[in-house]
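This report concerns only the one structure given below.
Letters A, B, ... mirror the listed sequences (proteins, then strands); counts begin at 1.
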There are 2 protein chains.
Amino acid sequence: MRQSKANRKPSIADVAAAVGVSKTTISRYLHGKYDYMSAETKERIDATIEELGYRPNKMAQSLKASNSHLIGVTIANISNPFSSQLLKGMQAECRARGIQLLVSDVDDNPALERAAIESLLDSQVDGLIVNTAGDNDDYLTEFATKDGNPPMATLDRFIKPVVCDCITTDNAAGVDEMLDHLVAQRFDHVVFVTQPAAAITTRVTRVTAFRSYIAAHGAAAGAAGAADIAGAVDTATGAISGTISGEVLEYNDLAGLATGLERIMAEQAGRRVCLFSNNEDGMCDIFEAYPAALDGHIGLCAFATKRWARYSGRGITCLDQNPVRMGRTCAAKLAARIYDGDDSPYELLELPAELCVYASTTEV
Amino acid sequence: MRQSKANRKPSIADVAAAVGVSKTTISRYLHGKYDYMSAETKERIDATIEELGYRPNKMAQSLKASNSHLIGVTIANISNPFSSQLLKGMQAECRARGIQLLVSDVDDNPALERAAIESLLDSQVDGLIVNTAGDNDDYLTEFATKDGNPPMATLDRFIKPVVCDCITTDNAAGVDEMLDHLVAQRFDHVVFVTQPAAAITTRVTRVTAFRSYIAAHGAAAGAAGAADIAGAVDTATGAISGTISGEVLEYNDLAGLATGLERIMAEQAGRRVCLFSNNEDGMCDIFEAYPAALDGHIGLCAFATKRWARYSGRGITCLDQNPVRMGRTCAAKLAARIYDGDDSPYELLELPAELCVYASTTEV
DNA sequence: CTGTTAGCGCTTTCAC
DNA sequence: GTGAAAGCGCTAACAG
């Protein structure tokens, strides 16, 4: 005998019993297969479900079906506001498609990331969105290529070779656009400031783009006092000419950052310098380590969201990645693969960043 | 016959067959009941599980058990960075307890909130954390009191009467502390600026606390030029004496906000005025609607996170709610109720906010 | 120490 | 039009 079904939610069997038909018929009803039943039966089922407040149990459904309508998400560090924008986008897409999101924060820890992914799999997710903490490429590549595993997409990161869908910003183009802007604003020297780049593809891409831009348009770094002719826009062609020198400053902690910035500012004394931060947190680190950055004598810009950048300090020129769109695009791509039979080749999708100019680069 | 078990993940039956024992024994093994089996069997199971890469299916487990180790979360608007901090806290607690989070954004929409909750229930969550979009008290109260429903806790909001655990900030104390600070800084007039308050308990609480503070310590609002003796700290008792006038400015859109602020600033000409925003977004709205707010002639403060406030404008004095702690506290309380048999009376837990003073109230 | 059995809530052949 | 029955993967009496 069933254990005191007194206070438990009604199951399909209860509905069937109440209506006086079989579970099969109820199941058919739930899936809209009304052709297979009399109008009268349909009515009665309708009424009974309403009366009992019956709702189908998704877990049981998923156990039978081979899909759960669950997508697992791992986020490198969810306390980052950027992450919440990514989630916003995923949610919008998933809500529209009746998909639920199982979200795990991995605290910037690759080992936790692996554990989180395994755990998500145990929960039978139909797919995985990974905003990787980095340092996990081997694991992720193996995961993506092993069959039996559900489709995966990486977000704001990519893995090479491309063994799954990767949604990122077009970082190289963004860096170029920002540097064009800085040249036009007649800066002499630009410093790309970033946390260690090695493990995070996004950072590597930016650093690489930065270096090649400087190599192409640049003057030698540290050439303080050199007679660079910076920032002449050729109005005929619209092309930007002029030279700018630059360097990359990687830091591990605030002390290192402070030391680095002081050295650079000393070397560049008398030149117009702009600090280009890899992200919002980096910008905050700069303020913390080198408060003079806030007083308006040096230029500032960053990869950051408009919302944050616009009212930070005097307004910080930024490259907004539109993380909401990134999240939505990623979820849409993944869902298409899982549920719509999309089997196009995996691709690396690079979405453009938007350059938003504020006082920090124009009023220096 | 089983449908081509070729490429499917191994089930407990596969392990049992491979080892040559019954599923029961495997199940016991999984739950650490080693007393009920020979050391040798244990070894063999161990090896086989490893070899097959077997992992128990959580859905199937949950179907049997009456718990899913899933907690459902609805967030009023996940694009708000405050939300991501809340999530960070919940995650920390849930990761430690092996709980997964099913997260739904409800886009500030009460109807979506109800739908999200129903949907979460269908997924058999063991409990619910609701950061309500507001205007849903009847539904939530009914939900919380109807038995058969899983435990619920509200986060950064409460419902009255208290029919579930409610984790919020001690908003009244925060408002008092901020106003004491403003009095000490010799402001003459303070304006509490907020989006419409009616539906959101947090806002109502703040407005109420604000009004009663002004009523107690206040001078008449609009008394421009009155000879108030503001901000004398009584060093003997540490108590703050002095008067301050104040008013509440509710706005629906930027235009309304602009009009309101212009009126007030005109009325208060010649007095030291401070704008006290209900949250970060409100502060941004102020900047947008009334750019003069940024130029240092009026005081600014807000309920906001340190991270944001510290580097916004010249640094904005804020009441930091420590959302990470709020999220963690909430998840811990809920988990205790669900899994640890905590059946203490429901409570309204008010966590203190931290006053962080920056230039916006001291250098005016 | 180990297995048999029934069943969680639902879906899906196959048969009438 | 409708239903009986088997089974998804796992658990838990109960019986040895």
Original post:
Which atom pair, heavy atoms only, marks the closest approach of B/S123 to B/L70?
Top reply: O-CD2, 3.8 Å

Subject >> Side-chain donor/acceptor contact of A/R28 with base of D/dG3 under 3.5 Å >> reply: yes

Subject >> Closest-nucleotide ordering on DNA chain D, the 5'-leading residue of B/M59 and B/T24 >> reply: B/M59

Subject >> Phosphate OP1/OP2 of C/dT11: any A/Q61 side-chain N/O under 4.0 Å >> reply: yes

**OP:** May I ask you to evaluate whether B/S66 reaches the phosphate of C/dC8, defined as a side-chain N or O under 4.0 Å from OP1 or OP2?
**Re:** no

Subject >> Distance in angstrom units between B/N57 CG and D/dT11 P, rounded >> reply: 10 Å

**OP:** Look at the side chain of A/K64 against the base of D/dG7 and say whether a donor-acceptor pair falls under 3.5 Å; ignore hydrogens and angles.
**Re:** yes

Original post:
Looking only at atom types and distance, does a side-chain atom of A/R95 sit under 3.5 Å from a main-chain N or O of B/D105, one as donor and one as acceptor?
Top reply: yes

Subject >> A/S119 to B/K58 - nearest heavy-atom pair and separation >> reply: OG-NZ, 4.5 Å

Subject >> Nearest-Å distance for atom pair NE2/C1', residues A/H31 and C/dT11 >> reply: 7 Å

**OP:** Specify the separation, in whole Å, of atom CG of A/L63 and atom C1' of D/dA6.
**Re:** 14 Å

**OP:** Return the 5'-most residue of the pair B/G20, B/K23 with respect to DNA chain C, ranking by each residue's nearest nucleotide.
**Re:** B/G20

Original post:
Which part of the nucleic acid does A/T25 contact within heavy-atom distance under 4.0 Å: base, sugar-phosphate only, or nothing?
Top reply: sugar-phosphate

Original post:
Across the strands shown, which category fits B/Y54 at heavy-atom distances under 4.0 angstrom: base, sugar-phosphate, nothing?
Top reply: sugar-phosphate

Original post:
Any salt bridge between B/D342 and B/K333, counting N to O under 4.0 Å?
Top reply: yes

Original post:
Hey, does B/T41 reach any base, or is it just sugar-phosphate, or nothing, if we go heavy atoms under 4.0 Å?
Top reply: sugar-phosphate

Original post:
Which of the following nucleotides, D/dT2, C/dT11, D/dG9, is nearest to the side chain of A/Y36?
Top reply: D/dT2

**OP:** For A/S62, report the nucleic acid contact type (base, sugar-phosphate, nothing); a contact means any heavy atom under 4.0 Å.
**Re:** nothing

